[in-house]
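A short write-up of the structure that comes next.
Letters A, B, ... are given to chains in the order of the sequence lines, protein chains preceding strands, and every chain is numbered from 1.
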Amino acid sequence: MHKRFEHQEIETKWQQQWRTDDIYKTTDNSEKPKAFVLDMFPYPSGEGLHVGHPKGYIATDIYSRYKRMTGYEVLHPMGWDAFGLPAENYAIKNKVHPRVAVEKNVARFKEQLEVLGFDYDWNREINTTDPAYYKWTQWIFIQLFKKGLAYESYEPINWCPGCQTGLANEDLEADGTCERCNSVVEKKPMRQWVLKIREYADRMLADLDTLEWPEHIKEAQRNWIGRSEGAEIDFKLSTGDTVTVFTTRPDTLFGATYMVLAPEHPIVTELIRGQTPNGVNLQNRGEVEEYAKEVANKKEMDRLDDTKEKTGVKLEGVTATNPANGEEIPVYIADYVLAGYGTGAIMAVPAHDERDFEFAKKFKIEIKRVLHGTLSESSAYELANQRNEEFDYSAEVDDKNFNLTKYRTSLEKTLNDKWDEDLESGAILGRVLGGSNNKTINPLPLLDNFILKNSNEFDGMSPKEAGKAIIEKVGGRMTATYKIKDWVFSRQRYWGEPIPIVHCEQCGAVPVPEEQLPVTLPEVENYEPAGDGQSPLSTIEEWVNTTCPKCSRAGRRETNTMPQWAGSSWYYLRYMDPKNSETLVSKENEKYWAPVDVYVGGDHAVRHLIYARFWHKFLYDIGVVSTIEPFQRLEFLGFILAEDGRKMSKRWGNVINPDDIVKLVGADTMRIYEMFMGPFENTIAWSQDGLVGARRFLERVNGLTEHITDTEPKETTVQLHKTIKKVSEDIEGFKFNTAVSAMMIFLNQAEKGGLTKESYLTFIKLIAPFAPHITEELWLETGGSSIHLTNFPVYSEALAKDELVTIGVQINGKMRGEITISPEATEEEAVETIMKNGSLADKITDHNIKKIIYVNGRIINIILT
RNA sequence: GCCUCGGUGGCGGAAUUGGUAGACGCGCACGACUCAAAAUCGUGUUCCGAAAGGGGUGAGGGUUCGAUUCCCUCCCGAGGCACCA
């Protein structure tokens, strides 16, 4: 028997050797082409890693080793995203300073990563809580402030009573609870810093098209940004006020039979107070005030529940004028109109909007259709042919003397009459047509186009041209609105970057001069939240009190800190130049390394990936970076579940620790197994049994020298070159499962047929990125340098071709047997071979061959009459 | 409701993108080695059938010499968005 595979000994030995030789050191501005391969850096929690965490790191490790072996200068760094609530909550619970907790957790994480044999260049390690790092996070904030993109706001924001801090919209779950602690989030008016991410919405949307990202992530970002195009139109109220509404359907303006304001709309507040320009007053002030209050107190969750019945109150005594036809229409307030979207006011067109329809039905408001459905000639013709059962108008059609125009007109009229009987379908259709989604369901499936009616001079126009013309007539403006909200950027917590601002009574908010950065986080006795909506920093008088950088009078430091997502919004740039104290990243280094070529991680489809893109675009605008996007290619990672199919969690007691696996079967085995489990993006349950397969594979590789011979059969050579091709392509494409499978297939062949020394060494190189330790050990006997610094094998197209192939033989499309021939054989040769095969020939003789389909090297199909 | 992915043996999955469905691995069965077990090696393993043969990639239709792959209708699962005008 061959020598045993002593994984512990081998792995420890090589990990130390690699560190001593510093073989993974990255060189800036090298002559070689570059590859920047990045993992989403981890949040070093107190729990440590489970076997699922390193999956992405294994993938980038393989990819970066492969890139190094194919001649690239590789940047594959690692760091720590260590600010934020979990670290702070952990610290509070365990009664230690967050810094201490972070240090401890980082050490633990690093230890766990190191036993897996990763090729990180630890010279470039970064930590977002390091003052030398967050100096630049603060610097970016100041640049945003100077460009007017960071501002103070007093609007009500999401307040989490559990975490005692304000949150951004992105930090909420779909049901309106806090994603950290699941508390029900409240609306609370308070001062906060906000970043104008909305100004970048259009560019973030458009540039998605330039990215090699999974479609579902692009789609999630599009949904989150939620752009919709439409018009703003002004309505005059009888009070003398003007209200601007936003609509995506300006073409339906003549059908606007009432108007709705959000209960929070400023004009509603003024009406309740009795302040109007011309003294026309609200007659049911009490009722309106009560409804507005009720809505304000309602939890966000309840308000978003669209299954409940529409509610609202009419503003008695107040009317609006429809600017299209001058008609007086009633005005309501209702909570189905949201203050935070569009202008907080709508024109309601019940005939062509589902929600307005529901509301109008309940409040008995006029429903006026302004669209007429039309039928194209081709669908009329098709319908006439089909004699559609539901719409069988054959009686009206004289078959001998069929007149399509007449038929079409009569059918169109019938369908429009049906629509009048079923206004709701039309309302649903109208909503769907107006929405930002372009795929439509059509509840009136037979009508395929629409023109205006009941709209004076616009009658007969298409909705598109009518929309434009109507906007022009009433003095409206084309605009777009977005679902994405500006980024609430301040947190009332301790463990984050201090916002580098000084408040001065004379000068207002003044940025800390750049040469004074970083504003370091002071030591405090008590870093628990104060509970009064103030950050714990506010209690440290000697830190808070300072002088105004502008006028030198007394000033007070901003005591809010930045959210967890600040440090991670630009960290990839710091890896390019981690020790630079003069600039965030030097021009030369940025030019060489940017952008990130492959970014690997899971989750974070909207938050981190939206925030980082926003900051990157801003940094592009101020000349810090040279690319419009930070992450050119994104590979999404599927998680590993526990063997019971649930998420790995302390709570379920099903956590598998990588340290235990490494001890048991070795890091190489774990790496191979995790890559072999299935497609990289799939979420798959861990299987301890499956692990055995990976270990067996490496055991057999370890013993493969026994099968080395002086010459090898042709099949081995062909298989080797096929395997080089497959493994190279699969690593490039992140299809690691099939790469491993290809290596297994070669191993089967090599054991069966034998292989030369040369082929053996080539094969070891193929495995090296996957199993760096054992391959290094096996490489030792060559006496050369580290296998990881050698060149990756290159396949030969000519040698990757089989001499003979087995192809399927079909008769009349049914598989009837197979023949073995040269892949270059002609059709005649193939038929000849078939006729030599007794059982196949029997099925063919006595019949006429009608046709033969022969696909070289694949299949032959013989059609008999 | 809308959008984006998916649905293939007992299990994870493969299929050169329209060309022998089930590669590779796990599991299982049988055999060899062993006093025995483990490990290892060998053989087999989609379903029905003794076999010949037939069925089969969520369901049903269609296009094609040929469909897991393309088209239509529907069912189920995962994720994103959602009273967004």
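- One atom, CD1 of A/Ile859, and another, C1' of B/U16, lie 14 Å apart when rounded to the nearest Å.
- Under the rule for a ring-ring contact (aromatic ring centres under 6.0 Å, His included), the partners of A/Tyr332 that lie at least two apart in sequence or sit in another chain are A/Tyr258, A/Phe359, A/Phe363.
- Proximity note for A/Leu338 (side chain, C-beta onward) versus B/C41, B/A85, B/C24: the nearest is B/A85.
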Task: Dot-bracket encoding of pairs in RNA chain B, which uses [ ] for pseudoknotted crossings and | for another strand, Watson-Crick or G-U under 3.5 angstrom - done: (((((((..(((......[....)))((((((.......))))))(((....)))..(((((..]....))))))))))))....
Open item on the list: Run the salt bridge (charged side-chain N to carboxylate O under 4.0 Å, His left out) test on A/Lys725 and A/Glu729 for me, step by step, so that the C-alpha distance in whole Å, both residues' side-chain angles and the decisive distance to 0.1 Å come before the verdict.
Closed with: CA-CA 6 Å; A/Lys725 182 168 194 267; A/Glu729 288 171 358; 3.6 Å; yes
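- Taking atom C1' in both B/C47 and B/A21, one finds a spacing of 14 Å when rounded to whole Å.
- Contact annotation: A/Arg816 side-chain N/O to B/G54 OP1/OP2 distance is under 4.0 Å.
- Phosphate contact (OP1/OP2 of B/G79, side-chain N/O of A/Lys218, threshold under 4.0 Å): absent.
- Rounded to whole Å, the separation between the P atoms of B/C11 and B/U64 comes to 36 Å.
- With a glycosidic angle no further than 90° from 0, B/U17 counts as syn.
- Comparing the C1' positions of B/U57 and B/U4 gives an interatomic distance of 23 Å, to the nearest angstrom.
- Ring pair A/Phe639/A/Trp686: centre-to-centre distance not below 6.0 Å.
- Residues forming a side-chain contact (heavy atoms from CB on, under 4.5 Å) with A/Lys722 (at least two apart in sequence, or on another chain): A/Val718, A/Gln719, A/Ala800, A/Asp802.
- At a cut-off of 3.5 angstrom, counting only N and O atoms as typed in the model, there is no donor on one side facing an acceptor on the other between the side-chain of A/Arg858 and the base of B/U20.
- Among the heavy atoms of the strands lying under 4.0 Å from A/Arg696 are primed sugar atoms or P, OP1, OP2 only; no base atom is included.
- With 3.5 Å as the limit, one finds a donor-acceptor pair spanning the side chains of A/Trp224 and A/Glu170.
- As rounded to whole Å, 14 Å separates atom P of B/G80 from atom CG of A/Leu172.
- Note that OG1 of A/Thr252 is 13.0 Å distant from CZ of A/Phe450, once rounded to the nearest 0.5 Å.
- Heavy-atom minimum distance, A/Glu803 versus A/Pro823: O-CD, 3.2 Å.
- B/G25 atom P lies 13 Å from atom CG of A/Leu698, rounded to whole Å.
- By the 6.0 Å and 45° rule, A/Lys55 does not stack over the aromatic ring of A/Phe736.
- Atom NE2 in A/His265 sits about 13 Å away from atom C1' in B/A85, given to the nearest Å.
- Rounded to whole Å, the C1' atom of B/C70 lies 30 Å from the corresponding atom of B/C81.
- Glycosidic conformation of B/G42 is anti; the angle lies outside 90° of 0.
- Using a 3.5 Å distance cut-off with no hydrogens or angles, the side chains of A/Tyr482 and A/Arg227 do pair a donor with an acceptor.
- On the C1' atoms, B/G56 is 11 Å away from B/G9, given to the nearest whole Å.
- At a threshold of 4.0 angstrom between heavy atoms, the contacts of A/Glu818 include nucleobase atoms, whether or not backbone atoms are also involved.
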Listed pairs, N/O of protein and of nucleotides 62-67 of chain B, under 3.5 Å:
residue, atom, partner, partner atom, Å
B/C65, O2', A/Asn861, ND2, 3.2
B/C65, O2, A/Asn861, ND2, 2.6

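- The side chain of A/Asp335 approaches B/C83 more closely than any other nucleotide in the set B/U20, B/C83, B/G80.
- Within the nucleic acid shown, A/Ile745 comes within 4.0 Å of sugar-phosphate atoms alone, with no base atom in reach, counting heavy atoms only.
- Residue A/Lys483 places no side-chain atom within donor-acceptor reach of the base of B/C81, judged by atom type and a 3.5 Å distance cut-off alone.
- Between the C1' atom of B/U16 and the CD atom of A/Glu729 lies a distance of 10 Å, rounded to the nearest Å.
- The P atoms of B/C26 and B/U17 are separated by 29 Å, rounded to the nearest whole Å.
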Task: Contact pattern, 5' to 3', of nucleotides 5-14 of chain B - B, S or - by protein heavy atom under 4.0 Å - done: -------BSS
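- Note on A/Glu797 versus A/Lys801: no salt bridge recorded, every NZ/NE/NH1/NH2 to OD/OE distance being 4.0 Å or above.
- For residues 849-863 of chain A, the set of pairs meeting the side chain to side chain donor-acceptor pair (under 3.5 Å) definition, not counting sequence neighbours, comprises A/Gln810-A/Asn861.
- We find that A/Lys187 and A/Glu155 are not joined by a salt bridge, their nearest charged nitrogen and carboxylate oxygen being 4.0 Å or further apart.
- Annotation: of the two residues near RNA chain B, A/Met815 and A/Val606, the 5′-most nearest-nucleotide partner is A/Met815.
- Ionic pairing of A/Glu219 and A/Arg222 is present here: one or more N-O contacts between side-chain nitrogen and carboxylate oxygen are shorter than 4.0 angstrom.
- Checked by atom type, the side-chain pair A/Asn158/A/Asn169 shows a donor-acceptor distance below 3.5 Å.
- Both A/Asp689 and A/Ile217 lie close to RNA chain B; mapped to their nearest nucleotides by heavy-atom distance, the more 5′-ward contact belongs to A/Ile217.
- You'll find that the side chain of A/Phe246 is closest to B/A85, out of B/C26, B/C84, B/A85.
- Rounded to whole Å, the separation between the C1' atoms of B/G77 and B/C72 comes to 22 Å.
- Of the P atoms belonging to B/A78 and B/C84, the separation is 24 Å, rounded to the nearest Å.
- In this entry the distance linking OH of A/Tyr482 with C1' of B/A85 reads 16 Å, nearest Å.
- Summarising the geometry, the separation between CZ on A/Phe697 and P on B/C41 is reported as 14 Å, rounded to the nearest angstrom.
- Protein atom CG of A/Asp353 is 14 Å distant from nucleotide atom C1' of B/G1, rounded to whole Å.
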